[in-house]
Amino acid sequence: MADLRHDPLTGRWVAVAPARADRPGAQAPVGDTPETCPFCSGREDQTPPEALRLGEGPTGWDVRVVPNLYPALERQEVVIHGPAHARSVAELADPTLELVAEAWQRRARDAGGHCFALLNEGHDAGASLPHSHSQLAWLPAPAPAVVGERGLPEVIPVLERDGLVAGCPVASRVPYEVLIAPARSEPEGLRSDLLGPALRLLAELVRRLHGVRGEELVPLNAWLHEGPHWHLELFPRTTRLAGLELGAGVYIEAVAPERAAAELAAASCR
C-alpha cells in the first residue's frame with residue numbers, strides 16, 4: 001500500500017509507492033506485441049477481476065475496467081480501451097471512445113469520492129504497457145492543480161465541434177498543448193453528456209498531432225479537470241522539462257502557440 005503524504009504548507013500530496021518500481025515497463029519499454037499483451041482479448045485471466053465490462057463486441061466486450069495491479073494510491077483502476085492492440089487513443093473508433101467516457105462516468109459515480117481521470121501514452125510519458133488505456137485514481141481531496149485554477153486560460157482556437165472548443169493556450173507549457181472545454185460552462189465533466197464528444201475530439205487532435213510531428217506515436221499525457229469549468233488537457237511530451245520549468249514554474253516554449261494552433265488546424269486527422 002502506498003504511503004500518502006501531505007505537506008500542509010505547500011499543499012503538495014506525494015504517494016510513496018515502492019512497489020511501482022516492480023511493474024512491467026517501469027524501467028524499460030515493454031515489447032509492443034499483441035501476442036503477450038495482458039490487455040488484449042483472450043487474456044482476461046491475466047488482469048485482476050474486472051469491475052466493469054461494457055459493449056458486446058466479437059470478443060464479448062469493448063471496454064473493461066480492472067483494478068490497477070501496482071496502484072500508487074489506495075484506489076486506482078485501469079480502463080482498457082478495446083480488445084484489439086491499439087497503441088494510441090488516436091486509433092480508437094468513436095463507439096469505443098463513447099464507452100470509455102461511460103466507463104469513467106460509471107466508475108466515478110459508483111465509487112464516489114474524488115475521481116481523477118488520466119491518460120498516458122508512450123513510455124516517456126509514463127505508460128507501462130503499450131495497449132491503449134486510461135486510469136482512474138481516487139484522491140483524498142480535490143487535486144491541488146484543479147483547486148488552484150481560477151478559470152479557463154485564454155486559447156487560440158483549433159477546432160470547434162459538438163458544443164466543444166479546442167485550442168492551444170496562449171501561455172502553453174509545451175509545444176502543441178491543447179485544452180478542450182465546453183463552449184458553455186458546465187460544472188462536472190464526469191456527469192456531462194459532452195464527455196464522450198470531448199474524448200472523440202481528443203482522439204482527433206492526437207491524430208493531427210501525429211501528422212504534424214510525422215510520428216506514429218507521440219508520447220503524451222491527458223487528464224480531466226473537474227470543477228466550475230471542466231475541461232480536458234492534452235500535454236504532448238515533445239520537449240524535456242528542466243530546472244526552470246520544474247523549479248520556477250516558468251516554461252520555455254520552442255513552438256509559438258499561434259503556430260502550433262495553425263498547424264493542428266491544418267493537419268490531416270487520418
Side-chain angles (χ1 to χ4, degrees), residues 63 79 81-82 86-101 103-104 116-122 124-127 130 132-135 145 152-184 186 189-190 192-226 229-239 251 253-270:
V63 168
V79 182
H81 300 169
R87 296 195 309 152
S88 170
V89 67
E91 300 175 36
L92 304 180
D94 286 352
T96 301
L97 292 164
E98 291 285 352
L99 289 177
V100 171
W104 287 11
F116 189 79
L118 65 132
L119 167 73
N120 302 327
E121 286 192 1
D124 289 344
S132 180
H133 63 283
S134 52
Q135 297 189 55
L152 293 177
E154 181 184 353
V155 299
I156 303 161
V158 174
L159 291 172
E160 186 167 354
R161 183 179 303 152
D162 298 328
L164 297 158
V165 176
C168 295
V170 171
S172 294
R173 294 165 290 185
V174 294
Y176 306 103
E177 178 181 4
V178 179
L179 182 142
I180 301 170
R184 297 182 179 179
E186 292 188 337
L190 286 172
S192 174
D193 292 337
L194 291 179
L195 182 59
L199 287 180
R200 297 202 309 266
L201 192 54
L202 173 68
E204 177 174 334
L205 287 162
V206 175
R207 288 192 292 271
R208 290 172 180 261
L209 176 63
H210 291 172
V212 169
R213 299 283 297 180
E215 302 176 37
E216 291 185 0
L217 181 69
V218 176
L220 60 87
N221 305 103
W223 51 78
L224 171 68
H225 274 190
E226 292 281 72
H229 307 282
W230 76 264
H231 58 277
L232 285 171
E233 297 184 18
L234 171 61
F235 193 89
R237 295 299 192 93
T238 54
T239 188
Y251 292 83
E253 182 59 290
V255 179
E258 293 80 4
R259 173 185 162 190
E263 290 180 349
L264 289 172
S268 169
C269 61
R270 286 190 248 171

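The aromatic rings of H225 and F116 lie tilted to each other, with the angle between the two planes from 30° to 60°.
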CA sep, side-chain torsions, deciding dist, call: R237, V174, side chain to side chain contact (heavy atoms under 4.5 Å, CB included): CA-CA 7 Å; R237 295 299 192 93; V174 294; over 6 Å; no
Trace of the side chain to side chain donor-acceptor pair (under 3.5 Å) decision for Q135 with H133: CA-CA 7 Å; Q135 297 189 55; H133 63 283; 4.6 Å; no
Criterion side chain to side chain contact (heavy atoms under 4.5 Å, CB included) on H210 and V218, from CA distance to verdict: CA-CA 6 Å; H210 291 172; V218 176; 3.7 Å; yes
Y176 and E263: CA distance, side-chain angles, deciding distance, side chain to side chain contact (heavy atoms under 4.5 Å, CB included) verdict: CA-CA 9 Å; Y176 306 103; E263 290 180 349; 2.5 Å; yes
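Applying the side-chain hydrogen bond (donor to acceptor under 3.5 Å, both in side chains) test to E154 and every residue at least two apart in sequence or in another chain returns nothing. Taking R200 as the reference, E98, D162 meet the side-chain hydrogen bond (donor to acceptor under 3.5 Å, both in side chains) condition, with sequence neighbours excluded. With sequence neighbours excluded, no residue forms a salt bridge (charged side-chain N to carboxylate O under 4.0 Å, His left out) with E121. Here E91 pairs with nothing under the side-chain hydrogen bond (donor to acceptor under 3.5 Å, both in side chains) rule; sequence neighbours left out. Looking at residues two or more places apart in sequence or on another chain, you find no side-chain hydrogen bond (donor to acceptor under 3.5 Å, both in side chains) involving D124. Taking the ring-ring contact (aromatic ring centres under 6.0 Å, His included) definition, one finds that H81 meets it with nothing, sequence neighbours left out.
Residue L194 holds its CG atom at 11.0 Å from CG of L201, rounded to the nearest 0.5 Å. Atom CG of residue L97 and atom CD of residue E204 lie 11.0 Å apart, to the nearest 0.5 angstrom. Atom CG of L119 is separated from atom CG of N221 by 7.5 Å, given to the nearest 0.5 angstrom. Between the CD atom in E253 and the CZ atom in R173 there is a gap of 10.5 Å [rounded to 0.5 Å]. Between the CZ atom in R213 and the OG1 atom in T238 there is a gap of 5.0 Å [rounded to 0.5 Å]. A distance of 9.0 Å separates CG of L190 from CH2 of W230, quoted to the nearest 0.5 Å.
Distance alone, capped at 3.5 Å, places no donor-acceptor pair between the E177 side chain and the P169 backbone. In terms of modelled atom types and a separation under 3.5 Å, the side chain of R87 and the main chain of P130 share no donor-acceptor contact.
Nearest heavy atom pair, residue C168 against residue V178, reads SG-CG2, 4.2 Å. Here the closest heavy-atom approach between residue V89 and residue S132 is recorded as N-OG, 3.7 Å. The shortest non-hydrogen separation linking S192 to E186 is OG-OE1, 2.5 Å. Across all their heavy atoms, H231 and A181 have their closest contact at CB-CB, 3.8 Å. Of all heavy-atom pairs between P257 and V170, the closest is CG-O, 3.4 Å. Across all their heavy atoms, I180 and A198 have their closest contact at CD1-O, 4.0 Å.
Among the candidates L199, L118, V100, the single residue satisfying the side chain to side chain contact (heavy atoms under 4.5 Å, CB included) test with S134 is V100. The only member of L205, L202, L234 that meets side chain to side chain contact (heavy atoms under 4.5 Å, CB included) when paired with L220 is L234.
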